[in-house]
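Given the structure is predicted, the values throughout are model-derived calculations rather than measurements.
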Amino acid sequence: MIHATWLITLLSKYLPALSHLKGVMKLGTTGVAAQSLLSGYLQPSVFGVLLLASLALFLQKRVYLAILLAVISATFHTSLMLHVGILIGAYILALVMEKEFGTAVKIGLLTLVLLSPIAFYILKNFIFSDSPEVHSTAHIINVTIRQPHHTLIAMWFSIKSCLKLAIVVLGIVLSRRCRPLFFVLLVCTLTVVLLTLLQWITGSLSLAILFPWRSSAWLVPLSTGLVLFHFVVWFENTLNRLQSHSLHRIVSYNLTLLSCGGLILLGTLGIAQTFSTTRKEYNRGTVEEYVREHAKPNHVYLIPIEREQFRLATGVPVFVDWKVFPFRSSETLAWYDRIQKVNALYGAKTQAEAIEALRAIHKIAPITHIVVPTDRTDLITALHAKPLFQDRQYIVAQLESGVPTSITPASLVQDSRQRSRLAPAPSPVHQ
């Protein structure tokens, strides 16, 4: 229930005050540094839920299956490698504490065998792929420019982070009667805190890239679950202390009916929401719809870097955008070089600057179309582009086969006419 923030979005249409609950729900279900297990769309990080399943299996003494699920999560999302190692290390220490030395050795060896291919892949393709200088520059880009909200403690640490830590500490305290769970939570939390402090003290960019605080993405929701479990137990005990047997029965039956009705309603609304979201046409009347319908195999688009959904919505190649970036250091430098070139073009103050920026882009990839904001039609003029379609915010234009070298008076007159035809309209227009 507490993960269903979409339900609050639906209900807040009728009770606006409920919208404040979303922040409380996210407080107990997401980790620090904007990292979480569940989100509104499929991405590799959601396989982190297998870490919770792994821990559940470990507590049921199904240790080998627990190891397998943990490794699968790292297979789909290699950023979880460190945290899988922390979790399995806690398993091994818990088994040692229980004097199950043979099992501890076996799962240690099994973990090494299963994680070795992933580690070899990472080392070959990302660690030993470039020189130390390239790695250093790429780390600076990743940590300070590309994802500081994930990597810089100064960016993500806040009162909410302290509250999330408090939830984890409370969960550890509440788990003390289950010794294996208590030990695993304690070891993982202490390891994460120590690694976070180490990164803060040393300022290591390499350690920041490993996201040592990412285990909070499963520690926080698990601890929230423990808090809710103990609340339910307390409520049940309070209910059992009712003196009147008939009152106890009435309350029990009503709570049971209310719970079942709530679950049925939640499931029905969830399925309906899934299908309606799938069928919903988000891009009707937009440049994305136009591009998708008129795309050709040889088309390559230049878009503002913040148009992160353009590539997925249209299915066409783009020169670069902010969301999709590589992980190999040398390719990170190439990605950032493209970002700078695109920013230079869209930020051009003169026609000469725009032409020079496009020339630099053409040296990397042959751009056939450009998407520009409706208030920057001067770029269309400067680049001798042919406007094709406009919505409320953007214009799609086709570029010439070559790079223009100058602007003629005739083109300025033509641009003036295009400005009048392409003035923002109440509804999307096809030119």
Side-chain angles (χ1 to χ4, degrees), residues 141 145-146 282-283 285-326 330-408 411-412 414-415 418-419 421-424 428-431:
I141 293 172
I145 299 174
R146 175 58 188 84
Y282 293 100
N283 301 305
T286 63
V287 295
E288 283 84 359
E289 181 185 48
Y290 175 84
V291 171
R292 184 176 65 249
E293 292 179 352
H294 295 81
K296 298 291 178 60
N298 64 327
H299 287 180
V300 179
Y301 279 75
L302 190 68
I303 63 172
I305 60 172
E306 69 275 6
R307 297 292 292 177
E308 297 175 350
Q309 298 298 324
F310 185 91
R311 183 179 56 86
L312 294 178
T314 61
V316 300
V318 300
F319 181 69
V320 72
D321 67 26
W322 187 255
K323 182 66 175 178
V324 182
F325 67 101
S330 56
E331 294 176 355
T332 297
L333 301 188
W335 169 84
Y336 188 58
D337 178 62
R338 291 191 180 207
I339 290 290
Q340 291 178 304
K341 285 179 168 55
V342 170
N343 285 338
L345 189 146
Y346 284 101
K349 302 298 183 183
T350 64
Q351 296 174 339
E353 289 180 4
I355 292 174
E356 185 59 32
L358 182 63
R359 181 177 291 110
I361 290 172
H362 262 287
K363 291 179 180 179
I364 301 175
I367 305 301
T368 59
H369 293 75
I370 184 172
V371 176
V372 300
T374 53
D375 60 352
R376 290 302 311 271
T377 52
D378 56 303
L379 289 177
I380 295 178
T381 300
L383 303 177
H384 288 186
K386 176 185 177 183
L388 301 175
F389 178 84
Q390 173 188 345
D391 63 18
R392 293 178 182 272
Q393 294 180 299
Y394 293 93
I395 302 170
V396 180
Q398 183 175 359
L399 294 171
E400 294 181 344
S401 56
V403 181
T405 56
S406 63
I407 300 298
T408 63
S411 67
L412 294 177
Q414 180 184 10
D415 177 56
Q418 289 171 353
R419 283 173 185 264
R421 291 203 309 269
L422 289 173
V429 227
H430 181 274
Q431 296 294 338

- So the side chain to side chain donor-acceptor pair (under 3.5 Å) pairs with at least one residue in residues 335-347 (sequence neighbours excluded) are Asp337-Lys341
- With Thr350 via side chain to side chain donor-acceptor pair (under 3.5 Å) - residues at least two apart: none
- Item | Set of residues satisfying side chain to side chain donor-acceptor pair (under 3.5 Å) with respect to Arg146, sequence neighbours excluded | none
Set of residues satisfying side chain to side chain contact (heavy atoms under 4.5 Å, CB included) with respect to [X], sequence neighbours excluded:
X: Arg311; value: Val318, Asp321, Val324
X: Ala354; value: Ala348, Leu379, Ala382, Leu383
X: Gln393; value: Arg307, Asp391
X: Glu306; value: Pro304, Tyr394

- Query: If we only count heavy atoms from C-beta on, is the Val372 to Thr377 side-chain gap below 4.5 Å?
  - Reply: no
- Residues at least two apart in sequence or cross-chain that pass ring pair (Phe, Tyr, Trp, His ring centres under 6.0 Å) with Tyr301, listed by chain then number, are Phe310, His369
Quick one: pull up [atom1] in [X] and [atom2] in [Y] and give me the separation to the nearest 0.5 Å.
X: Gln390; Y: Tyr290; atom1: CD; atom2: OH; result: 13.0 Å
X: Thr286; Y: Arg292; atom1: OG1; atom2: CZ; result: 7.0 Å
X: Ile395; Y: Ile380; atom1: CD1; atom2: CD1; result: 4.0 Å
X: Glu356; Y: Leu345; atom1: CD; atom2: CG; result: 11.0 Å

- Message: Could you check whether any side-chain N or O of Thr368 sits under 3.5 Å from a backbone N or O of Val300, counting only pairs where one atom can act as donor and the other as acceptor?
- Response: yes
For the student: nearest non-hydrogen atoms of [X] and [Y], plus distance:
X: Ala313; Y: Glu288; result: CB-CG, 3.9 Å
X: Gly285; Y: Phe389; result: O-CZ, 3.8 Å
X: Ala385; Y: Ala397; result: CB-CB, 3.7 Å

- Test Leu358 against Leu399 for side chain to side chain contact (heavy atoms under 4.5 Å, CB included), laying out the working first. CA-CA 10 Å; Leu358 182 63; Leu399 294 171; 4.1 Å; yes
